[in-house]
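Both counts, for ligands and for their atoms, begin at 1 and track the order of listing.
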Amino acid sequence: MSEKFIPLNNFPHFGRDAMVKRSGEFLEFMKSRRTVREYSGNEVPLSVIKNAITAAALAPNGANLQPWHFVIVKNPDIKKLIREGAEKEEREFYNGKAPEEWINTLQPLGTDEHKPFLEKAPYLIVIFEERFRLDANGDKHKNYYTKESVGIATGFLITALHHAGLATLTHTPSPMDFLNKILKRPQNEKPYLILVTGYPAENCEVPAISKKEFDQIATIF
Ligand code: IYR
């Protein structure tokens, strides 16, 4: 096999001071990201969603196999089906399936089985993890580090949408196989999460929670 390499082009080179300044500015910007559960129905340009997904798909991933598929849902009828499917699972989760410790841990977030945002938000981006590839003959081929790859891409996506001024919610009803059926995705793809996307509702409230301090989450040698 012949490897082909090209020069690293377009890599940004900032001076030391600019780098320090930019990193601080980015940190402040990211502090303004919050997970949002109350959405306005205001329209969002599809091109913004497409650009954000295209940015997400630039994420590093296992062997560059890009083991993901993004379904953009804007159709109200499909959003309704997704809400019905998710609320069915969530009713079970909140009414006996979830261990008490889990329910108690979720308490500060104020979540319950009602998921109106699945219909209210202008877009649901349903992210699928391609567990393995199927070739034209239907033979299976391995993908690598699929969970890690899709997780990194999802982080890029959330960041790209925040950069564009859109709020998101990572929503994971469990199990999520109803999404394959509604969205007609093949069985080699596993739903990873639903990224609810739109503008926060007016007077939107978020839980009063805090983040761990740097020293609690990092160690320097
Ligand atoms: N999927 C449920 C429960 C839930 C679980 C976790 I972990 C959260 O961080 C938030 C919610 C729900 O969406 O309500």
Side-chain angles (χ1 to χ4, degrees), residues 30-41 49 52 56 59 68-76 78-129 131 146-162 166-183 185 189-201 203-213 216-217:
M30 289 307 286
K31 282 184 186 168
S32 65
R33 190 208 66 81
R34 290 296 310 261
T35 288
V36 162
R37 290 186 171 80
E38 295 168 58
Y39 286 84
S40 101
I49 306 296
W68 41 57
H69 187 85
F70 302 85
V71 181
I72 303 172
V73 180
K74 58 187 172 70
N75 179 311
I78 300 182
K79 285 197 275 182
K80 186 161 185 279
L81 289 176
I82 292 177
R83 178 181 180 180
E84 286 167 1
E87 287 186 336
K88 179 174 170 288
E89 302 302 348
E90 298 290 36
R91 264 193 303 278
E92 289 177 22
F93 178 86
Y94 284 99
N95 295 299
K97 194 168 137 192
E100 201 181 319
E101 186 182 0
W102 195 349
I103 297 290
N104 290 341
T105 311
L106 290 176
Q107 236 232 311
L109 305 181
T111 54
D112 61 24
E113 70 260 44
H114 303 291
K115 306 297 176 192
F117 47 74
L118 291 173
E119 286 192 86
K120 191 77 200 267
Y123 288 104
L124 307 177
I125 305 173
V126 184
I127 305 170
F128 286 84
E129 170 196 359
R131 305 286 291 281
T146 55
K147 284 220 178 326
E148 292 82 352
S149 302
V150 180
I152 297 167
T154 301
F156 275 33
L157 181 55
I158 292 167
T159 307
L161 291 167
H162 183 60
L166 290 172
T168 55
L169 163 65
T170 48
H171 181 46
T172 54
S174 170
M176 287 193 280
D177 27 310
F178 67 92
L179 292 166
N180 285 73
K181 201 162 169 245
I182 296 171
L183 302 174
R185 297 310 304 168
E189 292 179 11
K190 188 174 157 46
Y192 186 77
L193 56 75
I194 303 172
L195 195 66
V196 181
T197 306
Y199 298 104
N203 307 318
C204 173
E205 292 190 339
V206 292
I209 52 175
S210 59
K211 297 296 179 187
K212 293 178 181 174
E213 295 296 328
Q216 294 176 282
I217 60 153

Atoms of ligand 1 close to K115 [distance to a heavy atom under 4.0 angstrom, numbered from 1] | 12 (C), 13 (O), 14 (O)
Residue, atom name and distance, where the atom is the protein heavy atom closest to atom 7 (I) of ligand 1 | W102 NE1, 3.7 Å
Please work out whether any backbone atom (N, CA, C, O) or any side-chain heavy atom from C-beta onward of E113 is under 4.0 Å from ligand 1, and answer side chain, backbone, both or neither.
-> neither
Sub-4.0 Å atoms of ligand 1 with respect to non-hydrogen atoms of Y94 | 2 (C), 3 (C), 12 (C), 14 (O)
Do the charged groups of K88 and E84 touch, with an N to O distance under 4.0 Å?
-> no
CZ-OG1 distance between R37 and T168, expressed to the nearest 0.5 angstrom | 10.5 Å
Just go through T172, T35, L169, L106 and tell me whose heavy atom is the nearest to atom 11 (C) of ligand 1.
-> L106
Could you list the donor-acceptor pairs under 3.5 angstrom formed by side chains in residues 102-114, with sequence neighbours left out?
| residue | atom | partner | partner atom | Å |
| --- | --- | --- | --- | --- |
| N104 | ND2 | E100 | O | 3.4 |
| T105 | OG1 | E101 | O | 2.6 |
| T111 | OG1 | Y94 | OH | 2.7 |
| D112 | OD1 | H114 | N | 2.8 |

Return yes when atom CD of E205 has more than 12 non-hydrogen atoms of other residues, nucleotides or ligands closer than 6.0 Å, and no otherwise.
-> no
Atoms in ligand 1 with a heavy atom of F93 nearer than 4.0 Å | 3 (C)
the protein heavy atom lying closest to atom 13 (O) of ligand 1 turns out to be E90 OE2, 3.0 Å
Within a radius of less than 6.0 Å around NZ of K97, do more than 12 heavy atoms belonging to other residues, nucleotides or ligands occur?
-> yes
Do other residues, nucleotides or ligands put more than 12 heavy atoms under 6.0 Å from Q216 CD?
-> yes
Enumerate the atoms of ligand 1 whose separation from the nearest heavy atom of H171 is less than 4.0 angstrom.
-> 13 (O)
